[in-house]
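Here is the structure we will look at, set down as C-alpha cells.
Within every chain, numbering begins at 1; the chains are lettered A, B, ... in the order of the sequence lines, protein sequences first and strands thereafter. Just so you know, these numbers come straight off a predicted model, no measurement behind them.
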Amino acid sequence: MKNIIFKELKELTRDGRFKIATGILLILLFVAAITGINQYQKNNQQYIESVDKERTIWETQDEKNPHSAAHYGTYAFKPLFALSLFDYGVTKYTGNSIFLEAHNRNEASFSEASDQTSLARFGTLSINFVLIYLFPLIIILIGYNSYTKEFEHQTFKLLKSQGVHPVKLALGKWLATFIPVFILTVVIFLATGLVLSSLDGLAFFSWTSLLVLFVSYSFYYLIITTVTVLISMWSKSSGMSLVSSLGVWIIFSFITPKIATNFANTSYPYPSKSEFSSRISEDKKNGLDGHNPWNEAAKKLEEETLKKYGVDSLSQLPFNYAGYRMQKGEEHEAKIYEKHYNILNEIAVNQNNTYKSLSFISPFIPVRFLSMDITHTSDNLHWKFTKAAEKYRIEKQKFLNYDIKDNAKKGESGYKMSSEKFKKLPKFNFIPPKLPQVLKENMQNLLFLALWFALPFAGLIITSKKI
Amino acid sequence: MFTNNLLYEIKLLIRSNWLAVLLISIGLLFTFATFNGTKNITKRLNDISTVQEELYKKDSSMLAALTKIENGEKTDIPYWQQPTEPMTIGYRHPRLTIMHPETLSFISTGQSDMYTHFKSPTVYGNNFALDYSEMVNPIQLLFGNFDLSFVIIYILPLLVIAFTFNILSKEKELGTLRLLGAQPISIIRWLLQKMMIRYIVFTVITLVTLLITISVFSIGAFTDTANLAGLLLIVSGYILFWFIVACIVNIRVNNSAKNALTLIGVWLLIVMVLPATINQIGNSLYPTPSRLKMINEIRLIKKENEEKQNKIMDEYLRNHPELAQGNNEQKFGFWHNYFASEKVMEEKTKPLVAEYDLQLKKQQGLISMFKYVSPAILMQQSLNNIAGTSEKHYNDYKKQVFEFSGEWRNYLVPMLFKEQKFSTKNYHELPKFIYKNRIENEVLLNLLAIVAISLLIFFVLIGKNLKDKSAQTISI
C-alpha cells in the first residue's frame, strides 16, 4: 500500500496541472486572508468605538424623564467574532445593530449586503470560500483518473496479476488522493491559527474551535475523495469520470442548496415585514397599553393592584402607579413580541431543517451549517443575539420604569431622573455559545457527515473487490 | 463541403444521445427555474395586494369619519387621531409607495429577495434613513435562488462545455483526424463549421425551450417584446462566448481530459473566482462606511439638537401627542419645533447619507470597470436589468420614495401651519406614488461587450491558426 501511495504522489508532483491549480488556490487564499484581516480589523475597530460612543451618549444624558430616555433608546451591537474572518457566514445579510427602545422590539437593521452591489451574490472571496468550493476541485483533479488511467493504459490487469490486494489498492489510491489536500489543509489552518492568534483585539478566538473546524473540513474532503475515487472505479474513461465528478460537485455545492431555498420558501414562507408588524399591532390593540389608563386591560390591572395592596385609590399605593402601569404594559408587549418572534423563529428553524434534510443529497450542506455555527456567523447565532438584545431591552425598561414607580411622586408629571443614574444601567454584553453546545446543536449535521463518509466508503471497499 | 459537414453533423447529433440529453436537461432546468421565478413574483404580488387592501380599509373608515365630521356628527375618535388634523393623515394614513414587479422580473431574483417592495413614508420620522430590507431567512440569501438567471449564468456554460469539449480531440483520439486531414478542407475550417453548426443547434434549442417555458408560466412576458428580445440576444451572446472558448481550447489543448479540465478551469474563473475576487477587492477599496458609525453620528446630532433647543420632552411628545395639551396653540408650537429640528437634522445628516451613496457609486464604478473581465458579471447585470431587480433599481426606488415623502410632507405641512383642516376634498388631491423604472437598460451595450470579448480572444488566441489554411497548425 505504501508503494501505491508513493507512486501516486510521485506522479502528482510531476503533474503540472496540480501545481498550477494549487498555486492559484494559494494565491486566492492569500488575497482572501489579507483582505479579510483588513476588513475585520476595520470593522472591529468600528464596533469597539460604536459601543463606547453609544454608552457615552447614554451616560451623558441630561436629567430627564426616564420614559423619555426609554424612547430615546440605546443600541445593542453584535460583536465581531475572531473566526468570522475565516467564514463570513450570513453576517453580511443579518445586520449588526439593534435599536432598543420603549414599546418596540426592533430587528437588526442595515445589513452589509444591502450596502453593497449585487456582485455580492456571486459570493465573497474568503478563506472558507476557497476551502469549501474550490478545494474539492483539487481532490477531483487528483482523483478522477486514479482508476480510469489504469484501465486506459491497461495497467490494471498488470497490477492485479502482481497480486496486489484490491482493497489495499483502493485504500492506497484513496489515501494518495487525500494526502496532498490534507497536507495543504493542515498548513492553511495552522497559518490561519497563527495569524489569528497574533492579531490584536480579536474577540472569542479559540484554537479548539479552529481544530474542530479543521476536522470538519478534513472530513468533508474525505467524503469528496471517497466519492471521486468511487466514480473513477465505476467509469469507463477518464473523461466520463471527470465529467461525473464535476457534476456531483455542482449538485453538492450549487444545485441542492438552491433547490432547498425554493422548497423552504414554499413550505415555510416568511411573512412580509408589514404583515408581521400588523399582526403584532393587532395583538397590541387588545392588550394592556402602559400609556392608556382607560382601556379595559388597564382598568383590570388597576382593580387588581388596588386589591393586592388592600387600598381604595391609587394615591394610597406606596409607589407611583403610572410607572408600575408602564412596566406592566411593557411586559405585556414584550410577551406579544416574544410570541410573534417565536413564530418567526419556528419558520426559520423549519426552513433550515428543509436545508438540513436535503443533506442526504449533498454533504456540502451539513459542513456549511457546521462551519457557520463554529465560527459564530450562522443565523442560529444571530437569533441568540437578537434574543439577548431583547432580554436586555426588557431589563432596561424595567430599570427605567421602576425608577418612576419608586421615585416619582403621585401625579407628578414632570418627574426627571438625575443624569448620574443613567450610568447605573448595566451594560449589554453578549457571549456566544461555547463549543460543546454548538456541537450538541449540530448533532444532525455530524450524523449526516458520518453517514456520508461511511456509505460511500463501504461502496468503495465493495466495488474494489469486484473490479 | 459545408453542406456535407452540416448534414453529417446533424446526423451525428440525432443519432447520438446528445440532443436528447440537451433537450431534457435544458427543458427540466428552465421549467423548474421559471416555475420558481413566477412563484416568487406571485408571492410579491400577494404581499402587495394584502397591504393595498389594508390601506383601502383604513382609508374607507377614515373617509367615513371625515364625512361624519363634515356633516357635523360626533365621532368617538380621540382628538389627536381626528382625520381632520393634517398631521394625523400625515402620520396615521400614509400612502403606499409600491414597486410593482416588471414583466420579466421572474427571470432573475437579483436583489428582490432582500428588499421590500412597498413602504409608507410618513410626514415625520427619519424618512431619509428608512430601512428597506425585507424579512427573510439569511440562509436563503446566502445560498440564493434557483432561478433562470442561475441556470443561464452557471449551468448553460457547463452544458456548452459538455457539448463541445472533445469535438476535435475525440477525432484525434479515435485516429480519424488523419482521415480528416486528407479531406479537401483545412481542419480549422472543418472545426469552425462544426462549432458553428453546434452553436446554432444549441442556441436554437435553448431559446425555443426558454420561449416555451415562458409561454407556459408567464405568457404576459410576450407583451414586453423589447426586453424579451434583449433576453434572447444576450443569452445567444453568452452561449457564443462559451463556444468560442471551447473552440480555442479544442485547438490549443486538443486532449479530451485536458480540454475538459481547462474549460472547467475557465468556467470557475469566469463564473466564481473573478466575481468573488472583484467583490472582495471592491469592498476593501471602497468600503461603505460602517452603519454603526452612521448610527453614532445621527445619535450625536440628535443629542446636540436636543441640548441646543433644550426641549427634551419633544421626543417624548412626538411619540405621545396625546399627552400634549389640547389647545391648538401648543400643538402648533410642538409641530413647529419638531419640523424645525427635523430640518436641522436632515441638513446635518445629508453629508453622512451622501457618503454612503458615494461609496456605493464607487463600488458600482469598480464593477462597471471590471465587469468586462467576466462575461458572467455582464450577464448578471443584464439579466437583473431586464428583470428590474438590480441594486440600481432598488436604489432608485429608495430615491423615488424619498422624493415622494417630500411631496407628502409638502402637501400636509403647509396645511398645518395655515391651520387648515383636512377634508374629503383634500383626500382626492393627495399625492400619489407611481414607481417608474428609470434605470437605463444596458443590455445591448453588454451584449456588444460580450461579443467583442469573444471575438477578441478568438482572433488573438487562434488568429494565427486561421491564417494558415493548412492543417499543420494543429498537431495531428
Side-chain angles (χ1 to χ4, degrees), chain A residues 17 28 31 35 38-39 43 46-47 50 53-54 57 62 64-65 68 71-72 75 77 90 93-94 97 109-111 113-125 129 133 238-239 242-243 246 254 257-259 261-262 265 269-276 278 291 348 351-352 355 379, chain B residues 36 43 47 50-51 54 110-111 114 116 131 133-146 150 154 162 166 256-257 260-261 264 272-273 275-280 283-284 288 290-293 295-296 299-300 303 312-313 315-316 319-320 356 360 363-364 367 377 380 384 390-391:
Chain A
R17 286 171 295 173
L28 286 177
V31 175
T35 49
N38 182 22
Q39 268 179 27
N43 293 345
Q46 276 166 355
Y47 163 75
S50 304
K53 268 191 195 161
E54 183 58 35
I57 289 173
D62 287 335
K64 65 167 77 157
N65 182 286
S68 183
H71 275 287
Y72 183 66
Y75 274 88
F77 297 104
V90 297
Y93 301 108
T94 49
S97 59
S109 48
F110 301 122
S111 71
S114 59
D115 280 333
Q116 289 175 1
T117 63
S118 48
L119 203 59
R121 305 309 280 275
F122 275 108
T124 312
L125 185 72
F129 176 88
Y133 285 109
S238 295
L242 180 67
V243 171
L246 290 171
F254 295 100
K258 280 183 194 286
I259 287 180
T261 297
N262 292 305
N265 232 347
Y270 251 50
S272 72
K273 220 174 214 173
S274 74
E275 204 182 331
F276 184 71
S278 69
H291 282 299
Q351 285 199 347
N352 291 355
Y355 284 95
D379 78 315
Chain B
N36 285 329
K43 185 176 186 291
D47 286 347
T50 312
V51 287
E54 266 172 36
Q111 304 287 78
M114 221 155 66
T116 183
D131 187 12
S133 59
E134 190 41 277
M135 278 194 143
V136 59
N137 183 350
I139 297 283
Q140 295 204 348
L141 298 177
L142 180 74
F143 287 147
N145 265 281
F146 193 100
F150 163 71
Y154 284 78
N166 62 353
S256 291
L261 274 178
I264 292 293
M272 285 186 74
V273 175
T277 314
I278 294 172
N279 179 37
Q280 178 73 342
N283 292 341
S284 282
T288 31
S290 155
R291 287 286 181 182
L292 303 182
K293 207 174 126 202
I295 290 168
N296 277 155
R299 304 276 288 165
L300 278 172
K303 196 163 179 258
I312 294 161
M313 288 299 278
E315 187 79 7
Y316 182 54
N319 286 293
H320 307 291
Y356 282 86
L360 194 65
Q363 278 189 16
Q364 281 168 346
I367 294 181
I377 302 179
Q380 192 216 34
N384 285 353
S390 71
E391 84 265 4

May I have the step-by-step check of side chain to side chain donor-acceptor pair (under 3.5 Å) for B:S133 and A:K273, ending in yes or no? CA-CA 9 Å; B:S133 59; A:K273 220 174 214 173; 3.2 Å; yes

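- For a residue to count as touching a neighbouring chain, one of its non-hydrogen atoms must lie under 4.5 Å from one of that chain's; by this rule A:I57 touches chain B with backbone and side chain alike.
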Show, in sequence, the C-alpha distance, side-chain angles and deciding distance for B:M114 and A:Y93, and conclude whether the side chain to side chain contact (heavy atoms under 4.5 Å, CB included) test is met. CA-CA 9 Å; B:M114 221 155 66; A:Y93 301 108; 4.2 Å; yes

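- When heavy atoms are compared at a cutoff of 4.5 Å, B:I264 approaches chain A solely by way of its side chain, counted from C-beta outward.
- A:Y270 is not listed as a side-chain neighbour of B:E134, based on a closest heavy-atom distance of 4.5 Å or more.
- For B:N137, the parts sitting under 4.5 Å from any heavy atom of chain A are the backbone and the side chain alike.
- Contact count against chain A (heavy-atom pairs under 4.5 Å) is highest for B:L261 among B:T277, B:L261, B:N166.
- Under the 4.5 Å side-chain criterion, counting only non-hydrogen atoms from C-beta, A:Y355 is in contact with B:I139.
- The OH atom of A:Y133 sits 6.0 Å away from the CE atom of B:M272 when rounded to the nearest 0.5 Å.
- Only the side chain of A:E275 comes within contact range of chain B, judged by heavy atoms closer than 4.5 Å.
- For B:T116, no part lies under 4.5 angstrom from a heavy atom of chain A.
- Using a 4.5 Å cut-off between heavy atoms, B:A260 touches chain A through backbone and side chain atoms alike.
- Expressed to the nearest 0.5 Å, how far CZ of A:F129 lies from CD of B:Q280 amounts to 10.5 Å.
- Across all their heavy atoms, A:G123 and B:N279 have their closest contact at O-ND2, 3.4 Å.
- Among B:T50, B:D47, B:N384, the residue with the largest count of heavy-atom pairs under 4.5 Å with chain A is B:D47.
- Between B:K43 and A:P269 the shortest heavy-atom distance is CE-CB, 4.1 Å.
- Interface check for chain B: of the options A:L246, A:N38, A:T35, the most heavy-atom pairs under 4.5 Å are formed by A:T35.
- A donor-acceptor pair is defined here as one N or O able to donate and one able to accept, closer than 3.5 Å; such a pair exists between the side chain of A:R121 and the backbone of B:G110.
- Here B:F150 contributes atom CZ and A:I259 contributes atom CD1; the two are 8.0 Å apart, rounded to the nearest 0.5 Å.
- Here A:K258 pairs with nothing under the salt bridge (charged side-chain N to carboxylate O under 4.0 Å, His left out) rule; sequence neighbours left out.
- With values rounded to the nearest 0.5 angstrom, A:T94 atom OG1 is found 10.0 Å from B:L141 atom CG.
- The candidate from B:I278, B:I377, B:V51 with the greatest count of non-hydrogen atom pairs under 4.5 Å with chain A is B:I377.
- Taking both residues in full, the closest heavy atoms of A:S118 and B:Q380 are given as O-NE2, 3.0 Å, listed atom of the first, atom of the second, then distance.
- At a cut-off of 3.5 Å, with distance as the only test, no side-chain donor of A:T261 or B:N145 sits close to an acceptor on the other residue.
- Interface remark: of the candidates A:D379, A:V243, A:L28, A:D379 forms the most heavy-atom pairs closer than 4.5 Å to chain B.
- We find the CD-CG distance between B:E391 and A:L119 to be 8.5 Å, quoted to the nearest 0.5 Å.
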